[in-house]
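Here's the structure we're looking at; comments come further down.
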Amino acid sequence: MAATLDVDVDVKVKSCLARAVRISELARRGGVSPRALRYYEEQGLLRPGRTAGGYREYDEAAVRVVQHIRLLLSAGLTTTVIAEILPCIPDDVTTLAPTCPELIDGLTEERARITSSIDKLLAARAVLDRLITSGPR
DNA sequence: CTTCTGACA
DNA sequence: TGTCAGTA
């Protein structure tokens, strides 16, 4: 009888609660300098919108993105590879987006580089340990 | 007062 | 990356 006109107004648009933040706030909340944020953008890591006056306006989600960038950067990844894998990282870093599994090869390579760095660091520490232990008593 | 772009001891 | 200049 009655028409099932149940329009799915599932306004799960997270954009509704997405307040725009400007560079100084994102910098403070992301733990980086405004200068760094402009640099990230220059490297294609961030694509903020612009206000009528030319001010950059970032999405609320940009805070997490910035933190991801910091993590990846500290892991030794270059800004160019980060720019490639960033769009594949969901809100949660622990899960890799199924949309780009091809990058797994590249990520595996990066993993190898990190492992190599760790090995070199361990070797350096071993040398220091010997020096310290054999020092003046 | 804050941000923007470009530039450089 | 910080910072200064000259604007908007």
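Proteins come first, then strands; the chains are lettered A, B, ... in the order of their sequence lines, and each starts at number 1.
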Exercise for the section: Remember a base hit wins even if backbone is also touched, and classify A:Gly53 as base, sugar-phosphate or nothing at under 4.0 Å, heavy atoms. Expected result: nothing

Practice task
Using atom CG of A:Leu26 as one end and atom P of B:dC4 as the other, report the distance to the nearest whole Å.
Solution key: 11 Å

Fill in the blank from the handout: To the nearest angstrom, the CZ-C1' distance between A:Arg56 and C:dA8 comes to 14 Å

Problem - Carboxylate-amine/guanidinium contact A:Glu42 A:Arg38, below 4.0 Å - result: no

Exercise for the section: Please check if the side chain of A:Ser116 supplies one atom and the backbone of A:Ala112 the other of a donor-acceptor pair under 3.5 Å. Expected result: no

Practice task
Report the distance from atom CZ of A:Arg50 to atom P of B:dC4, rounded to the nearest whole Å.
Solution key: 6 Å

Completion exercise
Taking for A:Tyr55 and for A:Glu41 the nucleotide of DNA chain B with the nearest heavy atom, the one nearer the 5' end belongs to A:Tyr55

Fill in the blank from the handout: When both distances are under 3.5 Å in a Watson-Crick or G-U wobble arrangement, the nucleotide paired with C:dG6 is B:dC4

Handout entry: Spacing of A:Ile23 atom CD1 relative to C:dG2 atom P, expressed in whole Å
Key = 12 Å

Exercise for the section: Check step by step if side chain to side chain contact (heavy atoms under 4.5 Å, CB included) holds for A:Leu86 and A:Leu72. Expected result: CA-CA 9 Å; A:Leu86 213 49; A:Leu72 267 15; 4.3 Å; yes

Handout entry: Nucleotide forming a Watson-Crick or wobble pair with C:dT1, both distances under 3.5 Å
Key = none

Practice task
Rounded off to whole Å, could you give me the CZ-to-P distance for the A:Arg38 and B:dG6 pair?
Solution key: 12 Å

Handout entry: A:Glu57 CD - B:dT2 C1' separation (whole Å)
Key = 15 Å

Practice task
Report the distance from atom CZ of A:Arg35 to atom C1' of B:dT5, rounded to the nearest whole Å.
Solution key: 11 Å

Completion exercise
Rounded to whole Å, the OH-P distance (A:Tyr39 to C:dT3) equals 18 Å

Problem - Residues A:Arg22 and A:Glu25 bridged, charged N to O under 4.0 Å - result: no

